[in-house]
Q: 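Sharing a structure, written as structure tokens. Questions coming.
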Number of protein chains: 2
Amino acid sequence: MENITEMLKGVLEGCVLEIISRGETYGYEITQQLRELGFTDVVEGTVYTITIRLEKHNLVDIEKKPSTMGPPRKFYTLNAAGREQLEIFWKKWDFVSSKINELKTKIKLKGELI
Amino acid sequence: MENITEMLKGVLEGCVLEIISRGETYGYEITQQLRELGFTDVVEGTVYTITIRLEKHNLVDIEKKPSTMGPPRKFYTLNAAGREQLEIFWKKWDFVSSKINELKTKIKLKGELI
DNA sequence: GACACTATTCGGTAATACTATATACTAGTA
DNA sequence: TACTAGTATATAGTATTACCGAATAGTGTC
């Protein structure tokens, strides 16, 4: 799927929070998981801006560990504030997506909404 | 629901397209319909920036008509390009929302995705 | 006249995803 | 050794888009 950039705004951060909540992980791996999910055009740079934002907002704990496959990795885990933020994100998502699906499925009849 | 601004980016324009596709309407009325939908914090200014964008992209036809309740109204209808854009929007929405719901509903078990 | 409601326009701001590039570590290979 | 690919992080700059605030304007009511 091409050009879904704008539609990802405001949800990509929530997706990253969810992925981190599944267990300790790092930027490069998060990028790969997002691609496996279907967001094939997401690049490392995008994810790093998000993880750095999460750091700044104190939603994650950080631990740097060496890797045998390249440079050291920065592992993230959600802290209490991060888990709370994730819960808020899903509530917002449920609200917004339900409203949009409502709009989508309303049947048009003689120009009126029914 | 508060502070869903970022999550609306990229979908609000599609919602406006959908509302216009239901029949000739104008900015102020679109705003009210969005509020009825549940996006209570959407203000006129936001909708007008979207309708002007639709004009620039030649997705709508425009007709100015007098009103007995205030200044003249600018009525919009979708043209062929607008209908095509709306279809693309819903395809993108279906893709993105299905992927996000997939992420949401994957059950966590011992830190692994199943 | 003052106010409320309807209706549009526009300049400026904030948030966020993308682009492009730089840096660095490991392993394989010519 | 030099080169390449894969892994891994960082960051400056850009584009898009929703919001804020103010201005303007028409109609009806008090």
Side-chain angles (χ1 to χ4, degrees), chain A residues 1-17 24-35 39-57 59-60 62-76 85 89 92 96 100, chain B residues 1-17 24-35 39-57 59-60 62-76 85 89 92 96 100:
Chain A
M1 182 65 58
E2 57 198 38
N3 214 26
I4 54 174
T5 292
E6 289 307 325
M7 208 174 272
L8 288 180
K9 281 191 181 173
V11 296
L12 209 48
E13 180 177 314
C15 293
V16 171
L17 279 173
E24 200 182 48
T25 185
Y26 54 98
Y28 192 83
E29 194 180 48
I30 293 169
T31 309
Q32 292 175 314
Q33 290 196 29
L34 285 169
R35 287 184 175 162
F39 302 144
T40 51
D41 294 335
V42 173
V43 292
E44 287 84 353
T46 299
V47 174
Y48 290 120
T49 56
I50 293 172
T51 54
I52 286 167
R53 202 156 67 224
L54 297 179
E55 288 182 37
K56 279 183 186 161
H57 295 211
L59 302 176
V60 286
I62 309 170
E63 201 182 345
K64 205 152 191 169
K65 295 181 188 177
S67 165
T68 58
M69 297 292 287
R73 298 164 174 167
K74 269 176 81 176
F75 281 88
Y76 295 100
Q85 203 56 42
F89 165 74
K92 284 186 190 175
V96 170
I100 291 175
Chain B
M1 181 66 56
E2 58 197 37
N3 214 27
I4 54 175
T5 291
E6 290 307 325
M7 207 173 275
L8 288 180
K9 281 193 180 169
V11 295
L12 209 48
E13 180 176 314
C15 292
V16 171
L17 280 173
E24 200 181 47
T25 184
Y26 54 98
Y28 192 82
E29 193 180 49
I30 293 169
T31 310
Q32 292 174 313
Q33 289 196 29
L34 286 169
R35 286 183 176 163
F39 302 144
T40 51
D41 295 335
V42 173
V43 293
E44 288 83 354
T46 300
V47 174
Y48 289 119
T49 55
I50 293 172
T51 54
I52 287 167
R53 202 156 67 225
L54 297 179
E55 288 182 37
K56 279 184 186 161
H57 293 342
L59 303 175
V60 286
I62 309 170
E63 200 182 345
K64 205 152 192 170
K65 296 182 187 177
S67 165
T68 57
M69 298 291 288
R73 299 164 174 166
K74 269 176 80 177
F75 282 87
Y76 295 100
Q85 202 58 41
F89 166 74
K92 284 185 189 175
V96 170
I100 291 175

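Numbers restart at 1 for each chain; the letters A, B, ... are given by sequence-line order, proteins then strands. Predicted model only: the values in this text are computed from it and were never measured.
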Q: For C:dT8, does either OP1 or OP2 sit under 4.0 Å from a side-chain N or O belonging to B:Y48?
A: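 Affirmative; the distance criterion is met.
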
Q: Of all the nucleotides listed (D:dT7, D:dG26, D:dT9), which has the minimum atom distance to the side chain of B:P71?
A: D:dG26

Q: Could you give the OH-to-C1' distance, from A:Y26 to D:dT7, as a whole number of Å?
A: 8 Å

Q: For A:Y28 and D:dT9, is the shortest distance between a side-chain N/O and OP1 or OP2 below 4.0 Å?
A: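 Result: no.
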
Q: Mind checking B:G27 for me? I need base, sugar-phosphate or nothing, with any heavy atom below 4.0 Å counting as a touch.
A: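 Counting heavy atoms under 4.0 Å across all strands, the contact made by B:G27 is with sugar-phosphate only.
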
Q: With nearest nucleotide decided by heavy atoms, which residue, A:E6 or A:E44, maps closer to the 5′ end of DNA chain D?
A: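 The residue closer to the strand's 5' end, by nearest nucleotide, is A:E44.
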
Q: For atom NZ of A:K56, decide whether the heavy atoms of other residues, nucleotides or ligands shown that lie under 6.0 angstrom number more than 12.
A: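 No, NZ of A:K56 has 12 or fewer neighbouring heavy atoms, counting only those of other groups under 6.0 Å.
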
Q: Does a side-chain N or O of A:T49 approach OP1 or OP2 of C:dA17 to a distance below 4.0 Å, or not?
A: no

Q: In Å, rounded to the nearest 0.5 Å, how long is the span from CZ of B:F39 to CE of B:M7?
A: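 Reported to 0.5 Å precision, the distance equals 10.5 Å.
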
Q: Could you tell me whether the phosphate oxygens of C:dT6, OP1 or OP2, come under 4.0 Å of any side-chain nitrogen or oxygen in B:S67?
A: no

Q: Using the rule given for salt bridge (charged side-chain N to carboxylate O under 4.0 Å, His left out), can you reason through B:R73 versus B:E29, listing the C-alpha separation, both sets of side-chain angles and the distance that settles it, and then say yes or no?
A: CA-CA 10 Å; B:R73 299 164 174 166; B:E29 193 180 49; over 6 Å; no

Q: Could you walk me through whether B:N3 and A:K92 pass the side chain to side chain contact (heavy atoms under 4.5 Å, CB included) test, one step at a time?
A: CA-CA 9 Å; B:N3 214 27; A:K92 284 186 190 175; 4.0 Å; yes

Q: Taking CE from A:M7 and C1' from C:dC18, how many angstroms apart are they, rounded to a whole number?
A: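 The answer, rounded to whole Å, is 17 Å.
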
Q: Is the phosphate of D:dA10 approached by A:K74 (side-chain N or O, under 4.0 Å from OP1 or OP2)?
A: yes

Q: For A:T51, answer base if it contacts any base atom (sugar-phosphate contacts may also be present), sugar-phosphate if it contacts only those atoms, and nothing otherwise; contact means non-hydrogen atoms under 4.0 Å.
A: nothing

Q: Need one value for B:P72: base, sugar-phosphate or nothing, where a base atom within 4.0 Å counts as base even if backbone is also close, heavy atoms only.
A: sugar-phosphate

Q: From the list D:dC19, D:dT7, C:dC18, which nucleotide is the closest neighbour of the side chain of B:T5?
A: D:dC19

Q: Which whole-number value in Å describes the distance from A:I50 CD1 to D:dT11 P?
A: 16 Å

Q: For the pair made of CZ in A:F75 and C1' in D:dT7, what is the distance, rounded to whole Å?
A: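 That distance rounds to 12 Å.
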
Q: Mind checking the CG-CG spacing from A:L34 to A:L8? Nearest 0.5 Å is all I need.
A: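 With rounding to 0.5 Å, CG (A:L34) is 9.0 Å from CG (A:L8).
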
Q: Among D:dA8, D:dC19, C:dA7, which nucleotide sits nearest the side chain of B:L8?
A: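 Selected nucleotide: D:dC19.
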
Q: CG of A:D41 versus C1' of C:dC18: gap in Å, rounded?
A: 11 Å

Q: Figure out the CD/P separation between A:Q32 and D:dT7, and round it to whole Å.
A: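 Value for this atom pair: 6 Å.
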
Q: Hey, does the side chain of B:R53 come within less than 4.0 Å of D:dT16's phosphate (OP1/OP2), counting only N and O?
A: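 The answer is no; no side-chain N or O of B:R53 sits under 4.0 Å from OP1 or OP2.
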
Q: Where each residue is assigned the nucleotide of DNA chain C containing its nearest heavy atom, which of A:E13 and A:G45 is assigned the position nearer the 5′ end?
A: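 Result: A:E13.
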
Q: Rounded to the nearest angstrom, tell me the gap between atom NZ in A:K56 and atom C1' in D:dT11.
A: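 That distance rounds to 10 Å.
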
Q: Measure the distance from CG on B:L12 to P on C:dT16 and round it to the nearest whole Å.
A: 16 Å

Q: Within less than 4.0 Å of OP1 or OP2 of C:dC18, is there a side-chain N or O belonging to A:T46?
A: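 Answer yes for this pair, as a side-chain N or O of A:T46 is under 4.0 Å from OP1 or OP2.
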
Q: Once hydrogens and angles are ignored, does a donor-acceptor distance under 3.5 Å link the base of C:dA15 to the side chain of B:K9?
A: yes

Q: With side chain to side chain contact (heavy atoms under 4.5 Å, CB included) as the test, would you mind laying out the steps for B:T25 and B:Y76 before giving the verdict?
A: CA-CA 5 Å; B:T25 184; B:Y76 295 100; 5.6 Å; no

